[in-house]
Amino acid sequence: MNEILIADGKGRLGLRGQYFHLAWAPESEVDADDARASIEAMRSLSPTPRPLLLEIAGVTLSNPARAAFAHAQAASAVAMIGSSVVDTIMGAALSRHDHCPHAYFTSEPEALAWLDSLAAQPAGQGH
C-alpha cells in the first residue's frame, strides 16, 4: 500500500484495496486543519467515498476537527480502531455523525470484517 504523509506527518493515508486507511500517530493532537488535510487527501485519492479504516489510538481530536469530519462525507463507512478507554470515548464522539455508518473496534481484523459485512449488504441497508 502506498501511503502519503498528511498534517505535517501526524497522519498516514493510503488506499488498501477498496478502503482508505488513515492512521494518526499516537499522541497526536489533530486540529481542524489536520482534519481538512486528511479529507482533501482522501478526495484526491478517490473521487467517490470509500470505506475508511481509521486508527485513533492515543489521538486527541479537537472539537473543530470532529466537526470537520462530521461534514466531510469523504468516507462511506468508518471503522475506528483504538485501544484505551479514551479511544473508546473518542470513537463514541465520532460515531455521532449520521452521514455514514461508524463503529469502534479494538482489533483490526474485527474492523475489517465489519467493513466487509457492510460492503456485502444490498445498497441502502448499511445504515
Side-chain angles (χ1 to χ4, degrees):
M1 171 179 71
N2 291 331
E3 294 180 327
I4 56 174
L5 292 178
I6 55 172
D8 296 323
K10 289 181 190 178
R12 296 180 332 273
L13 175 70
L15 288 175
R16 188 181 202 187
Q18 64 181 333
Y19 309 115
F20 290 123
H21 180 215
L22 174 56
W24 292 107
E27 310 308 320
S28 292
E29 293 185 16
V30 177
D31 61 24
D33 290 337
D34 301 331
R36 284 190 289 273
S38 67
I39 293 162
E40 289 172 16
M42 282 187 269
R43 289 184 176 142
S44 74
L45 291 176
S46 176
T48 58
R50 292 175 177 248
L52 170 63
L53 181 64
L54 175 61
E55 295 184 37
I56 59 169
V59 173
T60 302
L61 289 165
S62 70
N63 286 335
R66 286 194 296 272
F69 285 126
H71 301 292
Q73 299 185 9
S76 59
V78 180
M80 297 166 277
I81 303 171
S83 59
S84 71
V85 172
V86 174
D87 297 338
T88 302
I89 294 166
M90 185 69 59
L94 289 172
S95 68
R96 292 186 189 124
H97 308 161
D98 63 1
H99 69 272
C100 70
H102 285 69
Y104 175 82
F105 302 90
T106 56
S107 87
E108 185 175 313
E110 289 174 355
L112 290 170
W114 179 76
L115 288 173
D116 288 341
S117 74
L118 292 177
Q121 292 179 2
Q125 291 186 4
H127 198 29

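- Contact between Leu118 and Ala77 at its shortest, heavy atoms only, is CD1-CB, 3.6 Å.
- Here the straight-line distance linking atom CG of Asn2 with atom CZ of Arg12 works out to 13.0 Å at 0.5 Å rounding.
- Closest non-hydrogen pair, Ser76 versus Pro49, comes out as N-CB, 3.8 Å.
- Under a cut-off of 6.0 angstrom, the local environment of CD in Glu29 is sparse, with at most 12 non-hydrogen atoms contributed by other residues, nucleotides or ligands.
- One finds no salt bridge joining Glu55 and Arg16 here, because no Lys/Arg side-chain nitrogen approaches an Asp/Glu carboxylate oxygen to under 4.0 Å.
- Rounded to the nearest 0.5 angstrom, Leu15 CG and Leu45 CG are separated by 5.0 Å.
- To the nearest 0.5 Å, atoms CG (Leu13) and CG (Leu22) are separated by 5.5 Å.
- Leu115 approaches Leu52 most closely through the heavy-atom pair CD1-O, 4.0 Å.
- Closest of all the heavy-atom pairs between Asp34 and Trp24 is O-CH2, 3.7 Å.
- Ring geometry for Trp114 versus Phe105: interplanar angle of 30 to 60°, hence tilted.
- Hydrophobic clustering (side-chain heavy atoms under 4.5 Å, transitive across Ile, Leu, Val, Met, Phe, Trp, Tyr) keeps Ile56 apart from Leu5.
- Listed here is the closest heavy atom pair of Ile39 and Ala68: CD1-O, 3.6 Å.
- Judged by distance alone, with hydrogens and angles left aside, the side-chain atoms of His71 form no donor-acceptor pair with the main-chain N or O of Phe69 at under 3.5 Å.
- Ser46 contributes no side-chain N or O that, together with a main-chain N or O of Arg43, makes up a donor-acceptor pair within less than 3.5 Å.
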